[in-house]
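Report on one structure; see the data block that follows.
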Amino acid sequence: ALCTAPLRAEMADDELNINGDTPIVTKAPAADFLKGHLDEVYSGWLFRTDSSRAMEQDDFDNPIMVFGEQGMDNWNVADGSEGKSCADCHGDIEEGMKGVRAKMPHLNAKGELWSMENYINDCRTERMGAEAWGWDSGPMKNMTVAIAVQSRGMPVNVKIDGDAAPFWEKGKEMYYTRYGQLELSCASCHEENYGNYIRADHLSQGQLTGFPVYRLKNAGVVSIHNRFKGCIRDTRAETFKPGSQEFRNLELYVASRGTGLEIEGGGVRP
Amino acid sequence: MKRHVALAAVAATFAATAAFAETAPMDVKFTDIGEVTTSLTGQPGDPSKGAEIASTKSLGNCVSCHVVSALDASFQGNVGPELNGAADRWSEAQLRGIVIDAKHTFEGTVMPGMYKTGPFIRPGDGYTGKAAPADLPPILNGQQVEDVVAFLMTLKEE
Ligand code: HEC
Ligand code: HEC
Ligand code: HEC
């Protein structure tokens, strides 16, 4: 709606600098493929209240760090028939997982589009002889937080050309599909109306750089796919499952819309 | 359910009343500019019920996108324009068309159709995330649409 344009200024004029030593780019010119759709891209952090934003500035105040620490602990714990831990193959998490969040999702050696959770489970089942973790299970979310933190301050770096292009195109098509009885697409809320309020919710651009996020409302960690599931459900639609091919395609496309921004996960959201 | 049975009984007894049977969502006729000129039910709308429907999430939920100063609902949204003075800007027929399916008035609008049963892409069963039942009811029934229109007609500033 055109009349709402000036309200987009309703965004915090603030800088994110986690622990005072990790500055994060939260505003950037939009990627070329977004011409005519968005001029600039913004982290969801800028649309949150002063108190939520402040919690993300300092790890002592950020409730997600407790979960991240549990993930770090698990990194060194051997599991499964092979008696191996993540550290046995990947070394220190700070080294082994640096930049990994920023390039997710990406194609595996077989040409399938995998999210972070797929890679983790592949290591567990194929390399450790351990059981797969549920997509939204506690240990999985803790591990994805621990891994995301290693990419803080690194620019979004997803590959969308070559063999990734067909997945990206499908994700883009989904982004503009008007689902459900309310006939709303991701773009209806996050492209046409970011900066506006839908009831009490201040709409952001729906970027992924804060993920996984801690939601104060659920007092827990929320994965990217779980957020997608909720947003599609809210259009009075039959939603998709976390981990589905559809959500992995959508994740690639939405991640690419954040090109120019830097990873800040784990974020804090209402 | 009870209401439908009652209506059917009334229609059977008094042939004249049958002319006022609720127009089904599929049968609604829009003019070129998106008006719906005849009442969906033939019964006058109740503005106070309309006000309640407009502020209730499971019903019209209009306040999630519109500021309506006459309603005391908290956290009114601004995805759509303020509705104050709507009756000064629009006729009753146009407002009925907007509530039934605003896409006939505003091409491509994000405002959902309140009296529409499809076609939809992956329709759901309310906000459960599950697939819709085969006979998905519209968000508002015909009388609720008339109630909301009657409420909108009270929104005058001039
Ligand atoms: C026995 C060795 C081994 C163990 C144990 C192991 N991994 Fe891996 N992991 C690998 C290899 C090899 C790859 C590269 C796979 C590929 O490129 O297809 C990999 C890839 C990954 C990736 C994707 C990295 C990228 O650059 O995209 C993640 C994330 C990951 N592992 C996490 C874990 C976690 C978490 C654990 C423990 C729960 C773990 N791994 C245990 C060997 C291991
Ligand atoms: C009916 C409106 C609506 C639709 C449609 C919608 N969302 Fe959302 N979305 C929200 C609201 C409200 C929030 C919470 C506030 C915010 O960050 O925008 C949100 C948050 C998000 C977030 C979290 C952003 C952050 O920084 O925490 C992501 C990611 C997201 N949405 C993606 C999507 C995608 C992808 C789609 C389409 C499949 C979609 N949304 C469709 C309303 C919607
Ligand atoms: C998801 C958002 C949304 C919801 C819910 C919604 N609307 Fe709207 N509405 C809009 C938008 C956006 C417009 C502006 C039309 C356009 O340009 O797209 C609009 C326009 C209107 C207009 C014309 C306003 C004017 O004066 O120009 C009326 C009247 C209206 N809506 C009434 C309602 C009523 C009544 C309800 C609830 C039964 C409702 N709306 C629910 C988004 C919404």
Side-chain angles (χ1 to χ4, degrees), chain A residues 1-11 37 47 49 136 173-204 225-242 244 246-247 250 270, chain B residues 25 54-68 71 73-83 89 100-140:
Chain A
L2 288 173
C3 50
T4 55
L7 290 163
R8 297 204 170 153
E10 276 195 48
M11 184 177 38
H37 294 269
F47 296 82
T49 58
D136 279 312
E173 197 186 314
M174 265 185 94
Y175 192 87
Y176 290 101
T177 298
R178 300 187 64 160
Y179 288 109
Q181 192 169 19
L182 301 184
E183 297 180 280
L184 297 171
S185 69
C186 314
S188 308
C189 289
H190 296 297
E191 185 172 288
E192 292 176 43
N193 280 297
Y194 70 85
N196 289 334
Y197 284 82
I198 193 157
R199 202 86 203 229
D201 290 322
H202 194 193
L203 286 166
S204 73
H225 289 198
N226 196 43
R227 179 79 238 191
F228 291 170
K229 181 177 136 190
C231 281
I232 294 194
R233 181 199 58 216
D234 287 349
T235 68
R236 290 183 179 237
E238 177 185 5
T239 194
F240 297 86
K241 284 199 174 65
S244 61
E246 288 88 350
F247 275 170
L250 184 63
Chain B
S55 357
T56 307
K57 180 170 184 201
S58 57
L59 295 172
N61 199 21
C62 315
V63 292
S64 81
C65 293
H66 294 284
V67 167
V68 194
L71 297 173
S74 56
F75 300 119
Q76 303 185 355
N78 61 0
V79 163
E82 290 189 5
L83 297 185
R89 294 187 293 276
I100 291 175
D101 187 358
K103 288 177 186 67
H104 293 263
T105 302
F106 311 106
E107 200 192 329
T109 186
V110 303
M111 176 162 161
M114 299 292 158
Y115 194 64
K116 193 173 178 181
T117 49
F120 298 125
I121 300 169
R122 294 177 75 87
D125 188 1
Y127 292 106
T128 62
K130 299 201 173 78
D135 58 340
L136 179 69
I139 295 172
L140 300 181

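Every chain is numbered from 1, with letters handed out A, B, ... down the list of sequences.
- For the residue pair A:Tyr176 / A:His37, a side-chain donor-acceptor distance below 3.5 Å is found, with atom types taken as modelled.
- Only the side chain of B:Lys103 has a heavy atom closer than 4.5 Å to any heavy atom of chain A.
- Both the backbone and the side chain of B:Ala131 come within contact range of chain A, judged by heavy atoms closer than 4.5 Å.
- In this structure, B:His66 contributes its side chain and B:Glu82 its backbone to no donor-acceptor pair below 3.5 Å.
- Residues of residues 177-185 of chain A placed with any heavy atom under 4.5 Å of a heavy atom in chain B are listed by number as A:Thr177, A:Arg178, A:Tyr179, A:Gly180, A:Gln181, A:Leu182, A:Glu183, A:Leu184.
- Using a 4.5 Å cut-off between heavy atoms, B:Thr117 does not touch chain A at all.
- Using a distance-only test at 3.5 Å, with no hydrogens or angles considered, a donor-acceptor pair links the side chain of A:His190 to the main chain of A:Ser204.
- If you tally non-hydrogen atom pairs under 4.5 Å between each of B:Gly126, B:Pro138, B:Ala132 and chain A, the highest count goes to B:Gly126.
- By number of non-hydrogen pairs under 4.5 angstrom with chain A, the leading residue of B:Pro123, B:Gly77, B:Ser74, B:Gly129 is B:Gly129.
- Proximity to chain A is limited to the side chain of B:Asn61, based on heavy atoms less than 4.5 angstrom apart.
- Going from atom NE2 of A:His225 over to atom NZ of A:Lys241 covers 14.0 Å, rounded to the nearest 0.5 Å.
- With a 4.5 Å cut-off on side-chain heavy atoms, A:Leu250 and A:Phe240 do not count as touching.
- Between A:Thr239 and A:Phe247, some side-chain heavy-atom pair lies under the 4.5 Å cut-off.
- Residues A:Met174 and A:Phe228 fail the side-chain proximity criterion, which asks for heavy atoms closer than 4.5 Å.
- Contacts between A:Ile232 and chain B at a heavy-atom distance below 4.5 Å are absent for every atom of the residue.
- Here the straight-line distance linking atom CG of A:Leu203 with atom CG of A:Asn196 works out to 7.0 Å at 0.5 Å rounding.
- Both the backbone and the side chain of B:Ile139 come within contact range of chain A, judged by heavy atoms closer than 4.5 Å.
- Around CZ of B:Phe106, the count of heavy atoms belonging to other residues, nucleotides or ligands within 6.0 Å exceeds 12.
- When side chains are defined from C-beta on, B:Lys57 counts as touching B:Tyr127, because their heavy atoms get closer than 4.5 Å.
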